[in-house]
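Let me begin by presenting the structure, written as structure tokens, before commenting on it.
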Amino acid sequence: MKSYLYIFAIFCYTIAYAQDCNSILLGEIVDFHDNSTLSGATINITGKNLSTVSKENGKFTFKNLCDGVIELEISHPECTTKFITVTINGDTFSEIRLEHHLEELKEVKVIGDIQKTTNSAQENVLSVKDIERNSGNSLGDALKKIAGISTLNTGGNIVKPVIQGLNGSRILILNNNVRMQDMEWGEEHAPNVDVNANQNISVIKGAAAIEYGGDAIGGVIVLEALPVVRTDSLFGKTQLNLASNGRGGNITSTLTKSYKSGLYIKAQGSYKKLGDLEAPDYILSNTGIKESGLSLNAGKTDFERGWEGYYSFFNSEIGILRASHIGNVDDLITAINSDVPSVINDFTYDIDQPYQEVTHHLGKLSYYKRFEGFGKWTTQYDFQQNRRLEYDVRVGDDADKASLDLKLTTHSLLTNLKFDAKEGFDFKVGALGRFQTNFANPDTGVRRLIPDYDKYDFGLYAIGSYELNSDWNIDAGARYDFSRIDSKKFYRTSRWEERGYDTDFSDIILEDLGTQLLVNPVFDYLNFSGTAGLHYKLNNKNHLRFNYAYSQRAPNPSELFSDGLHHSAARIELGDLRIKSETSSKFSASLERNTNTWGYTVAPFLNSIKDFILVEPTGVEFTLRGAFPVWSYRQTNAVLLGLDASLYKNWSSHIRTDHKFAWVRGTDTDTDTPLINMPALNFSNSITYTNPKWNNFLVSLESQYVFEQTRYPDNIEVFSPEQQENVILDINTPPDAYHLLALNTEASFSLKNKNDFTVGLSASNLLNTNYRDYLNRQRYFADDMGRNIRLRLIFNY
Amino acid sequence: MKTSTIMKRNKTVKTILALSLMATVMTSCSSDDDTPEVVNEEEIITTMTVTLTSADGTATLQSQDLDGDGPNEPVITADNLTANTTYAGSIELLNETETPAEDITEEVAEEADEHQFFFGLSGAIADVTYSDEDGDGNPIGLEFELTTGDAGTGTVTITLRHEPTKPNDGTLADAGGETDITQTFDVVIE
């Protein structure tokens, strides 16, 4: 029986072979970087004894080809050999982009423009220059360059990115294809990544990149290393930055050794130290930072298979403004009404209580194998450990003890299969398994804000994109995620009853200790996400993208379990065990134009979130220490509507202007009130002069105007024990609008090689303006940072 | 040739399935089932007892909040005071979440230079003067003298500040620092 099938198969094969073999493939080989044509490249059709060489204009031709898929091997004296597949359907034209000189180890982009992760989502990429200019800053500061990205700060050094109004657990940070698990749920928890470790940073606004996770309602930040050049070489880069504000700086160095075989080893390290930051009128006492980062990469890549090992270490010790550590609601009222912080000491590099120390280890092993005429299989294991210590102002024997000591350990295993044998059609399926455990050290002597828990995740997804024709690309994806959180937590009996858990969760009590209860909440979340979109090339210059993303996010430990006085924030935070997953439906579109003379992007979005989880001040509770504002988590329905727009114009070969605008309006549709912590309307304009003849001289002046946020929830009324009456706690009122100027200048010089040394000088808050930002939690206590003049030296070798 | 490719593919699919299964199994392995250790807060002050002694006897003002920063409000009790009398006052601070109760008064006394009590008065309370001082000769307030005025009602607000500016002019605004305790007692003067 089987042999019959064989015969039949061979028969069909022969027929297929015998059909019209008159097709012509016309190809053009171009440089990936500057679109110049490459002559002298040898093109072989694998499996057939056919070969040709590209002509002066980069063109080559094969005649008498049969329709179907063929594989081309392209080699060029200055590039490493490439394999690509081409679908022949009648007379076919194919543009082949080769990595000339800088031979990247990515598969050749046969046809394509700027390489993006998604087809139809709103996506922005930071240039290496942008990252260099922000080397001494945090990731959030670097990303602010993109329209629609703002930051939620706790002072100048703890900076959380906000994408189109959303932050924290709604933003997924992908560090070398590893999803960061670094307690992103806390408002004063910044991402534990070194902005210098990865030189390829892009942002996908919204949940369209479901390959990385179905719960990125806000968006995905992708951090990747630049691909390593596949030649025998040793090269490196060192950058030194010195900053006037904080009177310190940072140094970062990268060294890469690569071999023609595809083997590479890369090491990178950074160290940063700043003392107290300064507002225009005073020192912001205890706002110093010490940060160190190390990353090691080793791997081997070729077309058929490859592997990579990656390890990174990140440690930061960040001082929290001393004046922001307050006793009770009266202290908060005093602070809000006072123009200057209550504690102003002399400048120091010392970091004292309150401060936080975070250490993050990340390790990854990945392997891929390509199967001819089929696709590529990738698998990855990663391990992460995040340890967070928060030190508070404490007395007696406990003075040097941490108040919060959490250790979060995560193991993940990922695997995916990408089918890309058919040109113009990519399909990928993948699975994820993850185990996470959190340990809250009881030695702090402070009741745990976040309890011990184990978390299990399992995900399955499928995504695909299809090129209908040269103008239309469509994509779609679906993902299913299961997650279980199994926690052991102590509740004060009084809190347990006040929350009504005694009626709803009486079956999860493990032990009654009199004043405290040990309970075992186990919750399962089944989440579904899906996305669909299209990308239409109106012509070479104009692109239209439309995307719809449906995503669900399970509540994070903070939203479920927070319970008690958060000393560093002087507020009582209350989670809710009843919180369920939130569901977002986001429509986004973008219209883009890119030409040499001018271009723009207009990107509106509408994000409708059912059961949106938010935390806001809801009242006060009285203790012997006085009254504390209570911040409670609750769920509601919300709508975020917004628009990001950017425009550039090259007025001449030397002068360029850039204009950016971002607006978002968040509404709680259940109560028809504004959502808390929405970024204010902001507008930025810059003018840049460049002259390549003067050592690539560049000077730019940027003006940033941030409007006053006029939409915010009502303030709350509290009883002030000091004043013995009810007073309005002005906790939600946003600060005034502000305008900042920034100046940047740089030039590059040739020491050993061409343009291998760059010197830059920049100044932020040039006019030393006093301002406070609505999205800075320290706005109640002190002004934001004053002028900061920074010198940067970059040496490539 | 064709079949070998198909077989190869099948093998690939199998490998992938096996690996994804491994992923599931690996992640299903539960970690240790340890019961976490209970934390009894050490620094919390649950109880402030003010003992006022005069020739006629003893009166007590007390504020007790056994669940600390839990939802229950402090329970406040205040005995009546006698008009136009001078009382010798003393303050005791306890953490009653521990058994036996921890005496926080000692810690405050040990770090006297970093602490000070402030007394806010209204109505029929005439005056409070400090009777103790820290190593630098600045007042603490663990011991004090309280003088009542004519019969009527009044309030005493007692605030303990940590790391106040010392010396200060006796007002909370000048002292700064952080509030460890603040409690207002409504008293009747007979």
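The sequence lines fix the lettering, A, B, ..., with proteins before strands; numbering per chain opens at 1. Here the structure is a predicted model, which means the values were calculated and not measured.
- By the 4.5 Å heavy-atom criterion applied to side chains, B:Val38 and A:Leu518 are not counted as neighbours.
- Considering only heavy atoms from C-beta on, A:Arg495 stays 4.5 Å or farther from B:Asp67 through its side chain.
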(request) For the pair B:His162 and A:Val393, evaluate side-chain contact (heavy atoms from CB on, under 4.5 Å) and give the outcome as yes or no after the intermediate values. (result) CA-CA 10 Å; B:His162 179 220; A:Val393 181; 3.9 Å; yes
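- The candidate with the highest count of non-hydrogen atom pairs below 4.5 Å against chain B, out of A:Glu498, A:Arg447, A:Lys369, is A:Arg447.
- Closest heavy-atom contact between B:Val39 and A:Arg448: CG2-NH1, 3.8 Å.
- A salt bridge links B:Glu163 to A:Arg322: one of the charged nitrogens lies within less than 4.0 Å of a carboxylate oxygen.
- Both the backbone and the side chain of B:Glu73 have a heavy atom closer than 4.5 Å to some heavy atom of chain A.
- The CG atom of B:Leu66 sits 9.0 Å away from atom OG1 of A:Thr515, with the distance rounded to the nearest 0.5 Å.
- Using a 4.5 Å cut-off between heavy atoms, A:Ser494 touches chain B through backbone and side chain atoms alike.
- Of the options A:Arg499, A:Glu497, A:Arg492, A:Glu621, a side-chain contact (heavy atoms from CB on, under 4.5 Å) to B:Pro71 is made by A:Glu621 and by none of the others.
- Of the atoms belonging to B:Thr155, not a single heavy atom falls under 4.5 Å from chain A.
- In terms of heavy atoms, A:Phe622 sits closest to B:Pro74 at O-CD, 3.7 Å.
- Neither the backbone nor the side chain of B:Ile76 comes within contact range of chain A, judged by heavy atoms closer than 4.5 Å.
- With rounding to the nearest 0.5 angstrom, the OG1 atom of A:Thr493 is 10.0 Å from the CG atom of B:Asn72.
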(message) One pair to check against side-chain contact (heavy atoms from CB on, under 4.5 Å): B:Arg161 and A:Asp331. What are the steps and the verdict?
(response) CA-CA 11 Å; B:Arg161 281 280 168 93; A:Asp331 295 354; 3.5 Å; yes
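- Of the atoms belonging to B:Ser122, not a single heavy atom falls under 4.5 Å from chain A.
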